Structure formats: structure tokens, C-alpha cells
Amino acid sequence: MTRKLRVRFAPSPTGALHIGGVRTALYNYLLAKQQGGDFILRIEDTDQGRYVEGAEQYIIEALLWCGIVPDESPQHGGAFGPYRQSDRKEIYKQYAEQLVASGNAYYAFDTTEALQAKRDAMEAEGKTFKYDDSIRLEMDNSLVISKKELQKRLKSGEPYTIRLKVPSNETVTIQDRIRGKVALSSNELDDRVLMKADGMPTYHLANIVDDHLMEITHVIRGEEWLSSTAHHVLLYRFLGWEATMPEFAHLPLILKPVGQGKLSKRDGAKFGFPVFPLSWKGETEEDSFVGFREAGFLPEALINFLAFLGWNPGTEQEIFSMEELIAAFDIAKIGKSGSRFNIEKATWYNQQYMAVADNDYLAYLIQPLAKEKGYTTDLAFLSAFCGLMKGRVAKTTELLEKGIYFFEPVQSYDEKTIQKKWKADARPQFDALVAVIAKTDPFDAATLESQVKGLIHEQNLKMGDILQVFRISIAGTLKGPDLFQMAALLGKTEVLARFKTAYAHFDTL
């Protein structure tokens, strides 16, 4: 019987969710939705020492903003919960004990000081410390003490960890969906800690137990986990779960813009672009970051951009909706090599989505910023404004910035052009323009254009001279959307007031 496809995204709540994590979540989500499967969000908070308040909520909000909605999660619930590892603590202990009982794991009583002393001694001899079969019998663990001594120490409550007993001279083979057959020697592996002294499992044990109990069929994660997968394969074997072990796919790295090295959270500040989906406020300024959302990116554009950081459909098409990505996604088309993070390409994607975005949607997005600046928050006005400006900007943050003259009086004028067009003997022509505008009714773009161009033809004036002065008078610049639509949105009263102010200034040049 074919199992239902189930994938999981399992971030640790240790801070803001890096953009690489969003891509991992996206690829898992695309595969699940394409195959009619389930996408699970599991919070892996076994490392309580690194837990950061607010990080879990940040992860949830970031995924929802991106349109990656879990089928099962700490918030949604589901038949395989709990979905937070700290709520599953008792589950792991029985499996750790099972591994000890089968001889595939052991109790280790080594103190931090003893481990450091061994490490220092080996380094002094020019050796690298690795807790494995070469030194395990020299350490303080259940492999070298008597059963009586073991029971005594366990009963006394002496702190211990449980370590995986990695077999010697074995080749652990992994069939990776992206990298093909990967073979790792067990002699390269250490005896990983599975259960910490505080009773919490490490990532390695909790990850395997949870994936098995939650019936995960595919594990799609970053390539940094490839070296640990050999430990995981051994755990599946030792626990008797090898037959239902999930398929693995290890994603290529997202590289720095220069093309070398993994993109880090610090690179955003270094290169001047976001590397997190949402802004994050850390304890210090150094740990605080601006997100793609706050930088003016649309989630649809970010998702489209991220999808192509490692995957390619093999066609010329670049713009994909989420539904189209789901239909086209194929793990086999994910490359092995890292993908360079190109913020210019991300901005290009955003510009494409901005140009066709719904005006009301954009108005809703910029309304809080408009309020913050003291501008009108009337959605009808903002919607019309966005309709005029969206094809001229790359990000939502640029709408109010580049369209400031819709909300504030003109602060400066294109004086170079005015000095060419504004001649003393031409003043009557521009007074006539004001008179025509004052009489225009209704004051809509089509009527206004008809009246103004009618004046120009009747008086045999130069279209460029009149319209350029018109535009500069109300906007200060020759750049901007359609002149008559802009004037109609500003309204007759505002346009006439701006003419009065502008003409007074032009006369002084």
C-alpha cells in the first residue's frame, strides 16, 4: 500500500527565520501540495539554551505571510501531535533506552571538564578529538564500568548523556533525491549524544523519532545536514524502522552575492538588503534586521524568486504563481550546486508583480505608512494613487516616496525646464490654461484632457511647452504618471492652488 506523502519543515526557535529556511519550507510545501500530501510545521526546541522568546511566533507569521500554510502545526493541531518537541519530551526517553538495551547506545558520565581534558591531551599529541570507537573505552561510560556500578550511578541521580554506538568499518549508503548515491564511512562518524543530561533529546534522536511517528515520507532540508544523515540512517536501522525510512533530498546552499560562501544573516547588513522574510527586533541593534516585507517586497514575488534559487523548470517561463509552481515543481530539477543570491533579480521579480498587483491590495499595504507620515488614509484615494504609480516603482516602499507630490505641496521644481518654457510674454498662455482648468466640469481625466488640448489647438500653442509647465506646476518634475489622471486625482481645488504657488515662483526665476 502506497503511503500518503507527508513532509515537514522543522525550524528551531532560536531567532529570526533566515530566507534559506523559507526556501526549504517552500520546496517541502510545493511537493506536498503537488502530490496531494500534507505539509507539517514542527518546532524543534530541544536546545532550550538557545531558545529565543518570540521566535516561534515569528516563524509562523513569516510562513503565513509567504502563503505557506501548514496542514498540521502547533497552532492547527493534527492527528500526530504534539508538534512542539518540548511537549514530546517523554516520548524520546523510551527510544533512547531502547537503543541502550539493544546495545546500540550507551550511558556516558563524562563531565564537561573531563571531556575538555581529553580534548586538550589529544591536541597536545597533534590528534583531533572525536568521541568514537577509538577512545570510547578510555572514557567514563557504561561500556567500561560494571553493571553493578552502572546501576549505582544511575540510582544516585548522577548526570549522564546517552550516546549512539557507531559501528566500525561500515559504509553507510544514502540514496539522495538530488545528489544520487552518497556513501559515508562509519569511521568518520562520532558517537553522537542522543539524550542530554537535562533529559532533553538532541536534534538527531528527536528528529528521527518524530519523523517516524509522524509518518514523514520525504525529508527535504539543507545540504549542511547531509553529513549527519549517516547517523540518522543508523538510528533508523537500530530502531527497526529502516523499511519506512523517508526519502532524503539535500538542497544546495544559497550563496552570498559574490558567489562564494553560504549567505548568512549578517550579509543583509553587509550588502544592504534583507535576508529575512519579516523584520526582527533583537536585543541589540546588531541582532535586529529588516525583512523583505518591510523593505517593500510582495510575498508572491519573494516566493517566485526563492523557487528559482536552486530549482529550474527547464523552460523560458520565469513568472510563476504559487499554483503554477505547485504544478511544475520537480525535485529532479533541483541542482546540486549552490545558487547565488541576486537582490537585483529579486527586485526585478517584485517589479513584475507590482505592475499587475490589485490597486486595493497595494493601498491596504501602504495605508499604515501613509498614516505614519500624516497622509490621507482614504483607501479609495490610495487605491487610485497606486494604480497610477505601481508601474513606475519596484517596491511598495517607493510608492509614497516617489509619489510624494500626491500628498505634500511641491517642495522643489524642475527649474532648468521652467527657465526654457516660462517666458515673460508667454504668461497669458498659462493664465488661460488656469482659466480653462477652473471651468472644467466634471473634473475627470478625460474631460480635463479634452479641455486643455482644445485650448492648445485653438490658440495654436506648442503642446510640449504647455503640458510640461502644467506637469511641473503640480508635481515639480517631468517624471510621473499620466498628467491628466494625476490632476484629476489631486482635484481641482488642489491643482489650482498649486498653479498659483508655482506661477509665483516661476516669475522669480
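Here the structure is a predicted model, which means the values were calculated and not measured.
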Can any side-chain N or O of [X] pair as donor or acceptor with the backbone N or O of [Y] at less than 3.5 Å?
X	Y	answer
Arg179	His250	yes
Asp267	Ser264	yes
Ser339	Ile254	no
Glu494	Leu490	no
Gln367	Thr377	yes
Lys421	Asp465	no
Tyr349	Glu318	yes
Thr229	Leu226	yes
Asn350	Ala301	no
Ser12	Thr14	no

Between [X] and [Y], is any pair of side-chain heavy atoms under 4.5 Å apart?
X	Y	value
Pro299	Phe292	no
Arg3	Thr244	yes
Leu302	Ile19	yes
Gln75	Glu56	yes
Asn312	Lys333	no
Thr347	Phe297	yes
Leu467	Ile456	yes
Glu324	Gln317	yes

Would you say [Y] and [X] are linked by a side-chain donor-acceptor pair, where the criterion is simply a distance under 3.5 Å?
X	Y	answer
Trp280	Asp287	no
His76	Ser73	yes
Tyr83	Asp210	no

[X] and [Y] aromatic centres sub-6.0 Å:
X	Y	result
Phe276	Tyr58	no
Tyr375	Phe406	no
Phe320	Phe329	no

Show the nearest heavy-atom pair for residues [X] and [Y], with the distance to one decimal.
X	Y	result
Ile474	Arg498	O-NH1, 2.6 Å
Ser337	Pro252	O-CB, 3.1 Å
Ser473	Tyr413	O-CE2, 3.9 Å
Arg340	Pro257	CD-O, 2.7 Å
Leu400	Ala370	CD1-N, 3.8 Å
Thr46	Tyr203	OG1-N, 4.1 Å

Would the number of heavy atoms belonging to other residues, nucleotides or ligands and lying under 6.0 Å from [atom1] of [X] be above 12?
X	atom1	result
Arg427	CZ	yes
Gln260	CD	no
Lys345	NZ	yes
Glu283	CD	no
Tyr361	OH	yes

What's the separation between atom [atom1] in [X] and atom [atom2] in [Y], rounded to the nearest 0.5 Å?
X	Y	atom1	atom2	result
Arg8	Thr24	CZ	OG1	10.0 Å
Leu251	Asp176	CG	CG	9.0 Å
Met354	Leu362	CE	CG	5.0 Å
Leu369	Glu294	CG	CD	11.5 Å
Leu26	Ile68	CG	CD1	5.0 Å
Arg392	Lys402	CZ	NZ	10.5 Å

Quiz item: Of Phe430, Trp422, Phe499, which meets ring pair (Phe, Tyr, Trp, His ring centres under 6.0 Å) against Phe506?
Solution: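 In the set Phe430, Trp422, Phe499, the residue that makes a ring pair (Phe, Tyr, Trp, His ring centres under 6.0 Å) with Phe506 is Trp422.
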
Does a side-chain N-to-carboxylate-O contact under 4.0 Å join [X] and [Y]?
X	Y	value
Glu223	Lys262	no
Asp441	Lys492	no
Asp71	Arg6	no
Lys33	Asp38	no

Self-check item: Full working for salt bridge (charged side-chain N to carboxylate O under 4.0 Å, His left out) between Arg42 and Asp211
Solution: CA-CA 10 Å; Arg42 186 174 73 219; Asp211 282 351; 2.9 Å; yes

Quiz item: Where do Leu213 and Phe80 land on the side-chain contact (heavy atoms from CB on, under 4.5 Å) test, with the steps shown first?
Solution: CA-CA 7 Å; Leu213 297 181; Phe80 296 85; over 6 Å; no

For the residue pair [X] and [Y], does the interplanar ring angle fall in the parallel (under 30°), tilted (30 to 60°) or perpendicular (over 60°) class?
X	Y	answer
Phe9	Phe39	parallel
Phe273	Phe341	parallel
Trp311	Phe308	perpendicular

Exercise. Could you walk me through whether His457 and Met463 pass side-chain contact (heavy atoms from CB on, under 4.5 Å), step by step?
Key: CA-CA 8 Å; His457 290 305; Met463 187 77 71; 4.1 Å; yes

Practice problem: Dump the intermediate steps for side-chain contact (heavy atoms from CB on, under 4.5 Å) on Arg471 and Met486, then the final yes or no. | Solution: CA-CA 9 Å; Arg471 180 180 289 277; Met486 176 170 59; 3.7 Å; yes

Exercise. May I have the step-by-step check of side-chain contact (heavy atoms from CB on, under 4.5 Å) for His18 and Leu263, ending in yes or no?
Key: CA-CA 9 Å; His18 187 266; Leu263 182 74; 4.0 Å; yes

Quiz item: When you look at Phe305 and Tyr353, which way does the ring-ring contact (aromatic ring centres under 6.0 Å, His included) test go after all the steps?
Solution: CA-CA 11 Å; Phe305 167 67; Tyr353 278 85; over 10 Å; no

